[in-house]
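Below you'll find the structure, written out as structure tokens, and then a few comments.
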Amino acid sequence: MKSKRTHTCGALRKEHAGQSVVLMGWVDRRRDHGGVIFIDLRDRYGKTQIVFNPENEAVYQTAKTLRGEFVIAVKGQVAIRPEGMANEALATGEIEVIADECEVLNPAKTPPFEIIDNIEVSEELRLKYRYLDLRRPSMQSNLLLRHRLYQVVRRYFDENGFVEVETPMLMKSTPEGARDYLVPSRLHKGKFYALPQSPQTYKQILMVAGFDRYFQIVKCFRDEDLRADRQPEFTQIDVEMSFVDADDVLSMVEGLMQRVMKDIKSVDIDTPFPRLSYEEAMEKYGSDKPDLRFGAQLVDISDFVRASEFRVFREVLENHGAVKGLRVPGGAKYSRKRIDELTEFVKEFGAKGLVAIKIGEADWDSGLAKFFDEGLRRKITSAFGAEAGDLLLIIADERERTNVVLGNLRNRLAREENWIPEGQYHFSWVVDFPLLEYDEEEQRYVARHHPFTSPMEEDVHLMDSAPEKVRAKAYDLVLNGYEIAGGSIRIHKRELQNKMFSLLKISPEEAERKFGFLLEAFEYGAPPHGGIAFGFDRLAMILAGRQSIRDVIAFPKTNSALSLMDGAPSEVDERQLQELGIKIIDP
RNA sequence: GGGGCCGUGGUGUAGUCCGGUUAACACGCCGGCCUGUCAAGCCGGAGAUCGCGGGUUCAAGUCCCGUCGGCCCCGCCA
């Protein structure tokens, strides 16, 4: 290439008129009028219209050969477009570049899909040709947003005295929690490293080491099944602080969110964020990550229907279950088919059925009316705040299941009934989580957050008598129905940690084997500490207004954890296996 | 481990329920015409045997079985 690029394709304006410039980029579109040829030249900064006039024979002949996605260099004069020819849709639309010279830096095959936004193309193809997909303006802006998010986070924590420390990617496997990705050791055949599910133990050890404010933007790995908001490798903003209580962590995070929203979205948000107890979240919204952009709270009618003739409700209540429901404004128009669909939906979450009551002008428009006397019908209707034309959807089951089922129904209805206002960001904290939950399969309590989470002091006395009632010093940050961060104050005393392990049925020997290094560290002066970790991809996804974290990850995996572009995972050479002492056993 | 939806020229879809002569449409691509377009326009053309394998049938894109792949969800994700 003879000359250097002087400007990007988004840079030129009226005031550059008359200048000689060199632009480089991709041919976005070609409009050949037989005489004059227009090329829109694209790079990540924008597009600029290039004009090729037949009078300039040499450059005109080159222009005729140009096709989509050719990489070219153009030297020319910036000119103000003729009267009435400006393109307001383009930032550079008031000018154009009259080409003097044009060099094809590299031709291109016709791409398998067009490099434009708003085209319907299967995600499969987008992932296979990710480099083409990433050329599309919307994907470029997603990755640029992600880039800005990294910068805001680093700046904020740096300003607040946090130290960024990298922790190992090759670490000890700790089978509590998610499935590990394992890495075989060549030097120690038969032994394995694990990729971190999170740098949890390292950051706690950094507290012991005296780095009282730590953060890291770090990859984590979990070998579990994927979802729209879950990838096997994902990025966390990992944070830990010493000499703090939960409020200190929460307000530090609120400050970060305020900064992020301001810098990325130009939105001012209020702090402190509302806090809901776990119990309140479950009872009112049926979720530990409630979407608070809309109301539609669950209504508990257990106390009313206890007196009804309806056996389904009575039996559930006799077994200490709950009867709760949701009001669907205007839902009385739902067809039988629609209600059947919703019934199928709630069954996926373990409900036995769904009771639907249509509210008519005078009274219930429902075959169930006969089971409830008139006063009861009126009480129930008013408990829901329901009016004629509404629909009540009611679940009767054990309390937790009732809540969870209705929570999922609430989210589905919100989407389908457009209850969710556009462009809102509703942050909240969910606090007072149970420390433990009982795992039926393993027949033991497991840590709801992780085994290093501190119980609340006032609940410690319950650890022996009623472990399920012990609340944790744990907190989740929820944004628009997504858990975007979760953390806790940690246990920093050996005795309490031992107690926790015994509740989890982790023997002293096992604790020693798995976490001995951490426990030993705690014996050398561990400060009280706590922290939090953000799902960076989820946060980026929400800020970008996308439905899948794949849209904010440059090279994501498919649902079955394949990389369609490079073909990972793949078989390896026999020699590599030999070096590692690994034999493949046919499945 | 399980449930649902999907796979037809380069791309997106129609056709599949009710099997039957040249698989349709739009965009893209190629060529021609055209000197001010910007989703340029007009005319013409090429291009798919219907994800893959097997089966049923005189006959399969269409029915059946299996398999691969994509997406959404349940379980799982301390």
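Naming convention: chains lettered A, B, ... in sequence-line order (proteins, then strands); numbering from 1 in each chain.
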- Task: Would you mind telling me which residue lines up with the more 5' stretch of RNA chain B, A:Q547 or A:A178, judged by nearest nucleotide?
- Result: A:Q547
- P spacing across the pair B:G4 / B:A40, given as an integer number of angstrom: 44 Å
- Note on the structure: In B/S/- notation (B base, S sugar-phosphate only, - none; protein heavy atoms under 4.0 Å), nucleotides 33-39 of chain B written 5' to 3' is -BBBBBS
- Considering only atom C1', compute the distance from B:C18 to B:A60 and round it to an integer number of Å. 15 Å
- Query: With respect to the side chain of A:E114, which nucleotide from B:C72, B:G70, B:C27 is positioned closest?
  - Reply: B:C27
- May I ask you to check whether A:Q49 and A:R31 show a side-chain donor-acceptor distance below 3.5 Å? yes
- Check the distance between B:C77's P and A:L226's CG and give it to me in whole angstrom. 14 Å
- Report which part of the nucleic acid A:S198 touches: base, sugar-phosphate, or nothing (heavy-atom distance under 4.0 Å, all strands). base
- Using 4.0 Å as the upper bound for N to carboxylate O, is an ion pair formed by A:E341 and A:R412? yes
- Task: Determine the Euclidean distance between corresponding C1' atoms of B:G70 and B:U11; express it in Å to zero decimal places.
- Result: 16 Å
- How would you label the contact of A:F349 with the nucleic acid (heavy atoms, under 4.0 Å): base, sugar-phosphate, or nothing? sugar-phosphate
- Message: Does B:C74 have OP1 or OP2 under 4.0 Å away from a side-chain N or O of A:R227?
- Response: yes
- Query: Does a distance-only test, which skips hydrogens and angles, find a donor-acceptor pair under 3.5 Å between the side chain of A:D225 and the base of B:G75?
  - Reply: yes
- Which value, in whole Å, describes the distance between the C1' atoms of nucleotides B:A14 and B:U8? 10 Å
- Query: Expressed as a whole number of Å, how far does the P atom of B:C77 sit from that of B:C65?
  - Reply: 34 Å
- Message: Regarding A:I37, tell me which of base, sugar-phosphate or nothing describes its non-hydrogen contacts under 4.0 Å with the strands shown.
- Response: nothing
- Message: Using a 4.0 Å heavy-atom cut-off, does A:R67 contact any base of the nucleic acid, only the sugar-phosphate backbone, or nothing at all?
- Response: sugar-phosphate
- Are OP1 or OP2 of B:G70 and a side-chain N or O of A:N559 less than 4.0 angstrom apart? no
- Task: Would you please name every residue forming a salt bridge (charged side-chain N to carboxylate O under 4.0 Å, His left out) with A:R448, sequence neighbours left out?
- Result: A:D288, A:E437
- Item | Sidechain-backbone polar pair: A:Q140 side chain, A:L134 backbone, donor-acceptor under 3.5 Å | yes
- Verify whether one side chain among A:S548 and A:D551 offers a donor that lies under 3.5 Å from an acceptor in the other. no
- For A:Q200, which contact category applies under a 4.0 Å heavy-atom criterion: base, sugar-phosphate, or nothing? base
- Item | Separation of the P atoms in B:U21 and B:C30, to the nearest angstrom | 34 Å
- Message: If I pick the C1' atom on B:G51 and the same atom on B:G44, what distance separates them, to the nearest angstrom?
- Response: 33 Å
- Query: For B:C72, does OP1 or OP2 lie under 4.0 Å from any side-chain N or O of A:R550?
  - Reply: yes
- Could you verify whether a donor N or O on one side chain and an acceptor N or O on the other, from A:S173 and A:D180, lie under 3.5 Å apart? yes
- Under 4.0 Å between a side-chain N/O of A:S122 and OP1 or OP2 of B:G12, yes or no? yes
- Query: Considering only the C1' atoms, how many Å lie between B:A23 and B:U16, rounded to the nearest integer?
  - Reply: 12 Å
- Between A:Y475 (side chain) and A:S488 (backbone), is there a donor-acceptor pair under 3.5 Å? yes
- salt bridge (charged side-chain N to carboxylate O under 4.0 Å, His left out) against A:K203, all qualifying residues, sequence neighbours excluded: A:D238, A:E240
- Side-chain N or O of A:T558 closer than 4.0 Å to phosphate OP1/OP2 of B:G70: yes
- Query: Could you give the CZ-to-P distance, from A:R136 to B:U11, as a whole number of Å?
  - Reply: 15 Å
- Query: Looking at B:G70, does its base get a donor-acceptor pair with the side chain of A:R126 below 3.5 Å?
  - Reply: no
